[in-house]
J.: 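Take this structure, written in structure tokens, and hold onto it; I'll ask about it next.
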Amino acid sequence: MSYTALYRKFRPQEFEDVKGQEHIVTTLKNQIQADRVGHAYLFCGTRGTGKTTIAKIFAKAVNCEHPIAGSPCGECPSCQAIGAGVSMNVIEIDAASNNGVDNIREIREEVAYSPTEGRYKVYIIDEVHMLSIGAFNALLKTLEEPPSYVIFILATTEAHKIPVTILSRCQRYDFRRITIGTIAERLTELMEKEQVEVEEKAVRYIAKAADGSMRDALSLLDQCIAFYLGEALTYDHVLEVLGAVDTEVFSKMLRIIVKKNVTGAIALLEELVVQGREPGQFVLDFTWYLRNLLLLQSSDNMEEALDISSENLQLLKEEAQMVEPERLMRYIRIFSELSNQIRYALQKRVMIEIALIKLCRPEMERDYDSLIQRISQLEQRMEEGIFTAVPADFSGGAAGGNALPGYGQEAGPGGTKTRQEPAEKKLPQAVPEDIKQVVKNWRSIIEELSGGLKNYLKSARLSLSGESQLLIVLEDEVAEAFVNSEAHIQELKDAIGEKTGKEIEIKIQSKGKEGSLEESYPDIGKLINMEITVEDDMEE
């Protein structure tokens, strides 16, 4: 006999076997016992939470000859036929592949005939949100006033796509995600039946990776058992099969990031990639790890919500003291955005590396969270007596006064410290005639350029690099990368040559972190002291 997957082999056959959906099971059993069965039901919920399974058990229960407390007996001919999938009373339809008007019209024609055996004809329409608008309209009348012997059970993962006219005609039941504890308990129970030795830690990781889906959990467990067939299933084995990362690695990565060690973070990522770990799974798990840290900081009674071992909890508590909540929220934001982007990305590793650099270098970003972290770093440096810059107008107080100790000073010969003034950028003594002509005609030169190039150069500052090179300073690195391409440089040189008849050397640069353009680079237009020529036909 061929092998049967675990999720098919252990599919619940009675209401009592269903885990994590007690609120729905109890309601349906009560309806059957009280003979208050409705004519249309809508089962909503994420994948693998038991929608189709409960629909089949319900179909058996309403047709069972000897129901037990609202649950099917599983022994009568009707239960046996439905369980084997050969009953004419239970019709399963996949709306993803049968979503046209003609398919629904066939149903409308079939419901006119009463069941040959049993009490009810049950139509289970899976993924009902995939039906076309015409098919939904064709279903409306039948759904509103079906024959007394017909029950419709509509199952969907996306209830918001179903028309309101359909929703209003159904009893709606929302299936919850199954908890990690419930899934782990079920997996342990099944492994005892299968006589497979498995570590508790491994089972809990699989339950967590299933993300609330019992079917996903069984599929993952099946995969892990097949890889290590005949061996005990350990936590390390599960990590290897699923391409996941141990919690200790997340702890190590966080400590590296807190120290702003970019090289260490990239090296650790390289190590994970070489080991064959899945990049997308690393992003999801690390985001979850950061979330646990934030929850632990938010309240003293979060142990139950975290659902982790006491050993890992102690480690989390230690690391929760190392990072401020604001910084953690920034980390989570960056990795949450990354988890959405990486799903369809081709260069997953590159995107993760960029995210790690962002975490280590908040100055690369200009949002509020990054600003808070940069201020915190500056405050920390001040507390430690570390200073990286001296104000240009700092004079140490009144004449003959002493400078602040340790502030921007360097040790002199006798151990005394003397302050060094930063070099002041001054205007050049003379500007070559060729460059004067370019500056004079700059506005008319850039008007001849292509759109993107012209827009970037409109806000550029013209300065001097060396003795005879025109320095064009732009606002940011994006503008620099665009203008500094070989094609755009040549286009600019051609425009200058056409206007002035001269060929000059050009250097493109962004202002970087030195401050505003006015403060950092001398404007040679002021030195030339002449009116800029503007052609009459040029429009702003």
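Along the sequence shown, residues are numbered consecutively beginning with 1. All of these numbers come straight from a predicted model, not from anything done at the bench.
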J.: State whether the side chain of Glu14 and the backbone N or O of Ile57 hold a donor-acceptor pair below 3.5 Å, judged by distance alone.
T.: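 Such a contact is absent between Glu14 side chain and Ile57 backbone.
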J.: Are any non-hydrogen side-chain atoms of Lys208 and Arg204 less than 4.5 angstrom apart?
T.: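 Side chain of Lys208 against side chain of Arg204, heavy atoms only: no contact under 4.5 Å found.
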J.: Tyr120 and Asp35: which non-hydrogen atoms are nearest, and at how many Å?
T.: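 That would be OH-OD1, 4.4 Å.
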J.: Taking the basic N atoms (NZ, or NE/NH1/NH2) and the acidic carboxylate oxygens, is any pair closer than 4.0 Å for Arg105 and Glu109?
T.: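 Here Arg105 does not pair with Glu109 in a salt bridge, since their nearest N and O are not under 4.0 Å apart.
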J.: Find out whether Glu144 and Thr165 are in side-chain contact, i.e. whether some heavy atom of one side chain is under 4.5 Å from a heavy atom of the other.
T.: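 They are not in contact (no side-chain heavy atoms under 4.5 Å apart), so the answer is no.
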J.: Under a plain distance cut-off of 3.5 Å, with no hydrogens placed, do Asp17 and Gln13 share a side-chain donor-acceptor pair?
T.: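 Short answer, no.
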J.: To the nearest 0.5 Å, what is the distance between CD (Glu194) and CD1 (Ile225)?
T.: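 Here the rounded value is 7.0 Å.
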J.: Any chance CD of Gln347 has more than 12 other-residue heavy atoms, nucleotides or ligands included, within less than 6.0 Å?
T.: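 It does not: Gln347 CD has 12 such atoms or fewer within range.
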J.: Hey, could you give me the OG1/CD1 distance between Thr27 and Ile32, rounded to the nearest 0.5 Å?
T.: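 Rounded to the nearest 0.5 Å, the OG1-CD1 separation comes out at 11.0 Å.
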J.: Once you measure the plane-to-plane angle for Tyr228 and His237, does it fall in the parallel (<30°), tilted (30-60°) or perpendicular (>60°) bin?
T.: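 Because their plane-to-plane angle is under 30°, the rings of Tyr228 and His237 count as parallel.
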J.: Tyr149 side chain to Val111 main-chain N or O, any donor-acceptor pair under 3.5 Å?
T.: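 Checking the backbone N and O of Val111 against the side chain of Tyr149, a donor-acceptor pair under 3.5 Å is found.
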J.: Which heavy atom of Ile82 sits nearest a heavy atom of Lys56, and at what distance?
T.: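 Answer, listing the atom of Ile82 first, then Lys56: CG2-O, 4.4 Å.
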J.: Fit a plane to each ring of Phe286 and Phe250, take the angle between them on a 0 to 90° scale, and name the class: parallel (under 30°), tilted (30 to 60°) or perpendicular (over 60°).
T.: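 Correct class here is tilted.
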J.: More than 12 heavy atoms of other residues, nucleotides or ligands under 6.0 Å from CE of Met322: yes or no?
T.: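 Correct, the count exceeds 12.
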J.: Can you tell if the side chain of Thr182 reaches within under 4.5 Å of the side chain of Glu185, non-hydrogen atoms only?
T.: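 No, their side chains stay 4.5 Å or more apart.
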J.: So, Lys348 side chain and Glu278 main chain: donor-acceptor pair closer than 3.5 Å or not?
T.: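 Judged by distance alone, no pair lies under 3.5 Å.
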J.: Does Asn89 reach the main-chain N or O of Pro115 with its side chain, forming a donor-acceptor pair under 3.5 Å?
T.: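 No, Asn89 side chain to Pro115 backbone: no donor-acceptor pair under 3.5 Å.
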J.: Counting neighbours of CZ on Phe10 that are heavy atoms of other residues, nucleotides or ligands and sit closer than 6.0 Å, is the number greater than 12?
T.: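 Correct, the count exceeds 12.
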J.: Identify the two heavy atoms, one from Arg277 and one from Glu240, that lie closest to each other, and give their separation to 0.1 Å.
T.: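 Where Arg277 meets Glu240 most closely, the heavy atoms are NH1-CA, 3.2 Å.
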J.: To the nearest 0.5 Å, what is the distance between CG (Leu220) and OG (Ser213)?
T.: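 The OG atom of Ser213 is 8.5 Å from CG of Leu220, to the nearest 0.5 Å.
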J.: In this structure, are over 12 heavy atoms from other groups packed under 6.0 Å from Arg255 atom CZ?
T.: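 Counting other residues, nucleotides and ligands, CZ of Arg255 exceeds 12 neighbours.
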J.: Taking C-beta and beyond as the side chain, do Ser78 and Ser87 meet within less than 4.5 Å on heavy atoms?
T.: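 When only atoms from C-beta onward are counted, Ser87 and Ser78 do not touch, as no gap falls below 4.5 Å.
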J.: Flag the pair Phe335 / Phe282 as yes when at least one side-chain heavy-atom distance between them is below 4.5 Å, and no otherwise.
T.: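 Side-chain contact under 4.5 Å: yes.
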J.: Will you find, in the side chains of Glu110 and Tyr123, an N or O donor that is under 3.5 Å from an N or O acceptor?
T.: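 Glu110 vs Tyr123: donor-acceptor pair found between side chains.
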J.: Do you know which two heavy atoms are closest between Val483 and His488, and how far apart they sit?
T.: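 Taking every non-hydrogen atom into account, O-CB, 3.4 Å.
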J.: Kindly compute the distance separating OG (Ser336) from CD (Gln341), expressed to the nearest 0.5 Å.
T.: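 One gets 11.0 Å once the value is rounded to the nearest 0.5 Å.
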J.: Working to the nearest 0.5 Å, report the span between CD of Gln80 and SG of Cys73.
T.: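 With rounding to 0.5 Å, CD (Gln80) is 8.0 Å from SG (Cys73).
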J.: Would you say the side-chain atoms of Lys51 pair up with the backbone N or O of Phe175, donor to acceptor, closer than 3.5 Å?
T.: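 Such a contact is absent between Lys51 side chain and Phe175 backbone.
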J.: Report yes if some heavy atom in the side chain of Phe58 is under 4.5 Å from a heavy atom in the side chain of Val122; otherwise report no.
T.: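 Contact flag for Phe58/Val122 side chains = no.
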J.: Within the distance-only criterion (no hydrogens, no angle test), does the side chain of Thr156 pair as donor or acceptor with the backbone N or O of Val128 below 3.5 angstrom?
T.: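 Looks like no, no N/O pair under 3.5 Å.
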J.: Distance-only, no hydrogens or angles: does the His23 side chain make a donor-acceptor pair with backbone N or O of Asp174 under 3.5 Å?
T.: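 Yes; judged by distance alone, with no hydrogens or angles, the pair exists.
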J.: With heavy-atom distances below 4.5 Å as the criterion, would you say the side chains of Lys252 and Leu268 are in contact?
T.: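 Contact flag for Lys252/Leu268 side chains = yes.
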J.: Below 4.5 Å, heavy atoms only, C-beta onward: do Val150 and His39 meet side chain to side chain?
T.: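 Val150 vs His39: side chains apart.
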J.: Looking at every non-hydrogen atom in both residues, tell me the closest pair between Phe136 and His129 and how far apart they are.
T.: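 Minimum heavy-atom contact is CZ-CA, 4.2 Å.
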J.: Within the side chain of Asn340, is there an N or O that forms a donor-acceptor pair under 3.5 Å with the backbone of Glu337?
T.: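 Between the backbone of Glu337 and the side chain of Asn340 there is no qualifying donor-acceptor contact (under 3.5 Å).
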J.: Looking only at non-hydrogen atoms, find the nearest pair between Phe15 and Lys29 and report the distance.
T.: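 Heavy atoms of Phe15 and Lys29 come nearest at CD1-CG, 3.5 Å.
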J.: At what distance, to the nearest 0.5 angstrom, does CE of Met214 lie from CZ of Arg186?
T.: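 The distance works out to 6.5 Å.
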J.: Could you tell me whether Gln275 atom CD has more than 12 heavy atoms of other residues or ligands within 6.0 Å of it?
T.: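 More than 12 heavy atoms, drawn from other residues, nucleotides or ligands, come within 6.0 Å of this atom.
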J.: Answer yes or no: is there a donor N or O on one side and an acceptor on the other, between the side chain of Asp222 and the main chain of Leu218, under 3.5 Å?
T.: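 Here the side-chain-to-backbone pair does not exist.
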J.: Does Arg177 use its side chain to pair, donor to acceptor, with the backbone of Asp211 at less than 3.5 Å?
T.: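 Looks like yes, one N/O pair under 3.5 Å.
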